[in-house]
Amino acid sequence: MEVVPLERLKRSFRSSQKVIEKEISSLVNKLNDICASPEIDQQALKDLAGRLKLLKAKLAELRKEEQESIRITKVRLDYLNSLVKITNVDSDEYVRWSTIRLNTMLVDYLSRHGLNESATKLSKDCMIEDLVDLELFKQAQKIQDSLARHSCTEALQWCNENKSSLKKIKSPLEFNLRLQEYIELVREGKIPTAIQYVRKYLTPWSDLYLKEIQQAMGLLAFNSTTKCSNYRQLYDQKRWNFLINSFQMDNFTLNNLTKQPMLNLTLQAGLTALKTHSCYQSDGKNINCPVCSSESFGKLAPMLPYSHHVNSSLVCRLSGKIMDESNPPLVLPNGYVYSAMALKEMQERDGYIICPRSGATYTLMDTRKAFIS
Ligand SMILES: [Zn+2]
C-alpha cells in the first residue's frame, strides 16, 4: 500500500519526460527553419513563443502532480518510521499505531470490494486519507463497472495510458479486450465491420496470439447458439467477468499492490501459526482454535501451510484450556483424554462423567493420570 504514490510519481515523471522530449525536438526543428530563412518570420516566432508557454503550463501541472505524490510518500514513510521509535507493544503509542494500520487495511479491503462510500467515510473519520489509495480504487471501479455493462472503451483507454508498463509485464489484457469487441460485432451479425476490426486491431498481435486470432476468425462460421465448445466459450458472457478479473490483476501489478487484500494476508499470517494437522477434522476440532471455526476464519486457512510446533501443548476438548502440571490430563477407560479441571467440574455438577465423544458414563474414580514424555 505504501508504494502506490511512488508508482504514480514514476508515471508522471515518465510522462513529463516524454512531453519535454517531444516538444523540445519539434521546437528546435521549427527554430532551425526560422534561422535558415533569409528574413525573420515574426509570425513563426510568435507561434513558437506560444507553444513554449503551453509547454511551461503543462510542465507546471505535472510538477504539481509529482509534488503531491512526494508529499504522500513522505507521510507514509513517516508513519512507518514512527514504529521504530516505539519500544513497547503494550504502550499507548503502539495501540494508536496499530489501530491506524488496521484501519488502513479495512479501507483497502472495503475499496477492493467496491464499497467506496464506506471506505471514504472510514478514512475520513480516522483521518488516514493520505495512507490509503481511495482514488486509485475509485478509478478502477469505474472501469470495472463499464466492463460489467459490456463496454471495453474505458478499459482500452486505461491500456493506452499504461501501454509501456503493460507491455513490460506481457499483459494479454489489451488483446483480450480487442478480441471481445470483435466477438460482440460477430454476435450482432456485423460481419464486414468485424473483418475490418480484425485487420485493424487484432492482426498487429499476430506474433503473440496467432492461434487465438485464427480461432477468432473461425467464429465467423458459427452463431451464438453453437454447440461447438471452442466457439461457445468465445460467445460466453462469462468472458466479461474474466476481463474484469484480468484488469484488476494488472492494475494491482502496475501499482505494486498485493493480489489479495492486506487484511486477508495479515490474518493468514496469524492463522498459519495456529494451523495443525488436527484442524478441520470433525473429532479434532478445538473450540478455541480460529482455524477450526470453518464458518469464519477457517475459510481463509485451507491453503495455508501447517505450523511447525517444536513443543506441543495439550488442549482440553471440553474446556479449551491447556493441560499441564496444574491441570493434568486424565485418561478415561475408553482411552480419551480430558483435563482434570473439566472432569472434576462435570463430576461435581452431574455426579458422573460423560465422554463427549463416545457418550460412555464414568466417575472420577475410573480415570488414570496420563504422563507425557
Ligand atoms: Zn484447529
Side-chain angles (χ1 to χ4, degrees), residues 1 89-90 94-115 118-119 121-122 126 132 245 248 252 257-332 334-350 353-362 367 370 372:
M1 294 192 281
V89 286
D90 295 321
Y94 183 72
V95 172
R96 263 198 301 277
W97 192 92
S98 53
T99 309
I100 292 175
R101 187 87 181 139
L102 175 64
N103 285 327
T104 58
M105 283 182 199
L106 290 175
V107 171
D108 172 70
Y109 186 88
L110 293 168
S111 307
R112 282 169 187 252
H113 287 80
L115 302 165
S118 309
K121 192 164 179 345
L122 181 62
C126 306
V132 292
N245 195 267
Q248 279 178 316
F252 292 152
L257 283 166
T258 51
K259 300 252 150 75
Q260 282 200 56
M262 274 310 278
L263 186 66
N264 288 18
L265 293 175
T266 314
L267 288 171
Q268 283 176 335
L271 288 170
T272 189
L274 297 170
K275 189 174 166 181
T276 65
H277 288 277
S278 59
C279 285
Y280 291 120
Q281 281 162 21
S282 52
D283 62 340
K285 259 188 191 172
N286 182 333
I287 46 165
N288 290 324
C289 169
V291 183
C292 283
S293 65
S294 48
E295 286 308 302
S296 56
F297 289 117
K299 283 187 182 167
L300 287 170
M303 305 295 282
L304 297 178
Y306 293 102
S307 61
H308 178 65
H309 286 285
V310 182
N311 297 308
S312 46
S313 48
L314 291 176
V315 178
C316 173
R317 185 190 157 88
L318 280 167
S319 63
K321 286 185 183 139
I322 288 182
M323 298 190 270
D324 51 20
E325 312 81 68
S326 60
N327 184 25
L330 296 181
V331 191
L332 295 183
N334 63 9
Y336 287 118
V337 177
Y338 304 99
S339 72
M341 264 192 224
L343 292 178
K344 257 180 214 155
E345 200 187 294
M346 203 192 278
Q347 167 98 28
E348 274 160 25
R349 192 182 61 224
D350 305 331
I353 294 163
I354 294 183
C355 171
R357 282 153 165 133
S358 71
T361 317
Y362 306 105
T367 61
I372 305 141

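For Asp90, the side-chain contact (heavy atoms from CB on, under 4.5 Å) test picks out Asn88, with sequence neighbours left out. Cys316 meets the side-chain contact (heavy atoms from CB on, under 4.5 Å) test with Leu318, Ser319, Met323, Tyr338, Ser339, Ala342; sequence neighbours excluded. Evaluation of the ring-ring contact (aromatic ring centres under 6.0 Å, His included) rule for Tyr362 yields no partner, not counting sequence neighbours. In this structure, the side-chain contact (heavy atoms from CB on, under 4.5 Å) partners of Ala340, at least two apart in sequence or on a different chain, are Asn327, Pro328, Leu330. With sequence neighbours left out, Lys121 forms a salt bridge (Lys or Arg N to Asp or Glu O under 4.0 Å) with Asp125.
Within 6.0 Å of CG on Leu265 lie more than 12 heavy atoms contributed by other residues, nucleotides or ligands.
The side chain to side chain contact (heavy atoms under 4.5 Å, CB included) test with Leu122 singles out one residue from Val132, Leu115, Val107, and that residue is Val107.
To the nearest 0.5 Å, atoms OH (Tyr306) and OG (Ser278) are separated by 9.0 Å. For the atom pair CG (Leu332) and OG (Ser358), the distance works out to 7.5 Å, reported to the nearest 0.5 Å. Atom CD of Glu348 and atom NZ of Lys344 lie 8.0 Å apart (nearest 0.5 Å). One distance of note links OG of Ser118 with CG of Leu106; it measures 11.0 Å at 0.5 Å rounding. Note that CG of Leu263 is 10.5 Å distant from CZ of Arg112, once rounded to the nearest 0.5 Å. Annotation: the span from Glu345 atom CD to Asp350 atom CG amounts to 9.5 Å, rounded to 0.5 Å.
In terms of heavy-atom proximity, Pro261 sits nearest to His113 at CG-CE1, 4.3 Å. A pairwise comparison of heavy atoms in Pro329 and Val337 identifies CB-CG1, 3.5 Å as the closest pair.
Judged by distance alone, the side chain of Thr258 and the main-chain N or O of Gln260 form a donor-acceptor pair under 3.5 Å. The backbone N or O of Met262 lies less than 3.5 Å from a partner atom in the side chain of Asp108, making a donor-acceptor pair. Of the possible polar contacts, one joining the Asn103 side chain to the Thr99 backbone as a donor-acceptor pair under 3.5 Å is found. Side-chain atoms of Ser307 come within 3.5 Å of backbone N or O of Lys275 as a donor-acceptor pair.
Pairs of residues two or more places apart, or lying in two chains, never qualify as side-chain hydrogen bond (donor to acceptor under 3.5 Å, both in side chains) while including a residue from residues 264-273.
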